[in-house]
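I have placed the structure first, in the form of structure tokens, so that the comments after it can refer back to it.
Because the structure is a prediction, the values reported are computed rather than measured. Throughout, a chain's letter reflects where its sequence line sits, starting with A, and its residues are numbered from 1.
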There are 2 protein chains.
Amino acid sequence: MPGETTRRRGAALEADLLDAAWAELEAVGYARLTMEGVAARARTGKQVLYRRWSNRAELVIAAMRQRTGSIADRVPDTGSLRGDVLEVLRAGAGRQRQIGPDTLHGLLAEARDVDPSFFGIMRGVLRTAVERAAERGEIPTADLPRRVLTLPADLLRHEILLSREPVTEDTLEEIVDDVFLPLVHR
Amino acid sequence: MPGETTRRRGAALEADLLDAAWAELEAVGYARLTMEGVAARARTGKQVLYRRWSNRAELVIAAMRQRTGSIADRVPDTGSLRGDVLEVLRAGAGRQRQIGPDTLHGLLAEARDVDPSFFGIMRGVLRTAVERAAERGEIPTADLPRRVLTLPADLLRHEILLSREPVTEDTLEEIVDDVFLPLVHR
DNA sequence: GCCGTAAGAGACGCAACGTCTCCTAAGGAG
DNA sequence: CTCCTTAGGAGACGTTGCGTCTCTTACGGC
């Protein structure tokens, strides 16, 4: 096999490393993911990993970024606030299904600086959805208390962190219909 | 020194072990707490720990239980729903201050079965508070959607898990005044 | 075609794990 | 009071993964 002496470099190698990290994550889970395991899977040495990321958490976060591009920036537009918010939550729940609660718990415990943009992304999207609903006259005002605006995202996150089971569609609807919409309609 | 040959046993020893675990937790934090460290602090061997708890998480949970008795069962009665709920949240926030987010994150990541009673305690207390408010005629009905009832506790928990800073009184008031009470009043 | 950079490979010392073994104090049974 | 079972105290042991380090060698820009 000719690939035998081929030595990967730069971006190509980095992509392979992140792929290997992701594969290892799926294979053994975050708790038992080791730098040596990832290195072995990528058929390289640990040093190559440490040259780029200084610990498990950083490596895994990088791998996740590569895999699950940014959710944000794509504001849904279903015509109703309810539909928009549900859509945002579905996107968040979907991302959770990809990542899994164990990884989230692990990162929370190990990452010194969980980049807020990692958990706080949904806020801007929700603000836009609410503003558009107000413009349509669907709700009285877009001027909500900060905590109300982040409420759907916060509750979803809470659910993800504590449930260990994938979040169901029913749960998302409860969040929207029992909590968020009643607060906004007035 | 005569204490030198005294060998502790049973419950007395167990209490010493849990004290040592708690002290170690305060001294080095959950991330760097080790079984060997706890054993050394308790002036005994690891085996004595492993005979009782099969890992860090179990040991620490036991230590916490001994230290911070049960919050529940003591339903505040301030005369107003607002006061009662705030009081419950303050108790929860206080417990957090004792324990610290790092320990919580660690347990979440390591404990296979985070006993729901550990995180879900506040629910029953809130139910009682709401029922009494309804009896007083302060609110129209005590028949709230499940998710609304657990809302204050859920939001506090979310805050605790993601903020890393102690939860402030302001935050508690936001939860109650901007989110919970508006939902209940109607 | 030369040469600096970084990949590939693995040895190293260290810290904790969880298991084990050995000895001996404690304290109940008779 | 003595015997005997139980469990505490102490530490050795093999293992795993960490993070660092060293060495050789391929790559690819100049």
For Glu138(B), enumerate each residue passing the side-chain contact (heavy atoms from CB on, under 4.5 Å) test, keeping only those at least two apart in sequence or located in another chain. Ser80(B), Leu81(B), Ala133(B), Arg136(B)
Taking atom CZ as the centre, does Arg32(B) end up with more than 12 heavy-atom neighbours from other residues, nucleotides or ligands that are less than 6.0 angstrom away? no
Rounded off to whole Å, could you give me the CZ-to-C1' distance for the Arg7(B) and dA25(C) pair? 4 Å
Separation of dG17(D) C1' from Lys46(A) NZ (nearest whole Å): 7 Å
Matching residue for Pro152(B) among Leu126(B), Leu181(B), Leu172(B), Leu86(B) - test: side chain to side chain contact (heavy atoms under 4.5 Å, CB included): Leu126(B)
On DNA chain C, check which nucleotide each of Arg9(B) and Arg56(B) is closest to and give me the residue with the more 5' one. Arg56(B)
Nearest-Å distance for atom pair CZ/C1', residues Arg8(B) and dA7(D): 13 Å
Give a yes or no on whether Arg82(B) atom CZ has more than 12 heavy-atom contacts from other residues, nucleotides or ligands under 6.0 Å away. yes
Arg51(B) (side chain) and dA7(D) (base): donor-acceptor pair under 3.5 Å: no
In whole angstroms, how far is the C1' atom of dT15(D) from the CE atom of Met35(B)? 17 Å
To the nearest Å, how far apart are Trp53(A) CH2 and dG19(D) P? 15 Å
Closer than 4.0 Å, any side-chain N/O of Thr44(B) to the OP1 or OP2 of dG8(D)? no
Rounding to a whole Å, what distance do you find between Leu49(B):CG and dC20(C):P? 17 Å
Would you mind classifying the nucleic acid contact of Arg43(B) as base, sugar-phosphate or nothing, using non-hydrogen atoms under 4.0 angstrom? sugar-phosphate
Would you mind classifying the nucleic acid contact of Arg52(A) as base, sugar-phosphate or nothing, using non-hydrogen atoms under 4.0 angstrom? sugar-phosphate
Can you say whether a donor on the side chain of Gln47(B) sits under 3.5 Å from an acceptor on the base of dC20(C), or the other way round? yes
Of Glu36(B) and Leu13(B), whose nearest nucleotide on DNA chain D comes first from the 5' end? Leu13(B)
Does any non-hydrogen side-chain atom of Arg56(A) lie less than 4.5 Å from one of Thr34(A)? no
Just the rounded figure in Å: distance from P of dA16(C) to CD of Glu110(B). 14 Å
To the nearest Å, give me how far apart CG (Leu59(A)) and P (dG19(D)) are. 11 Å
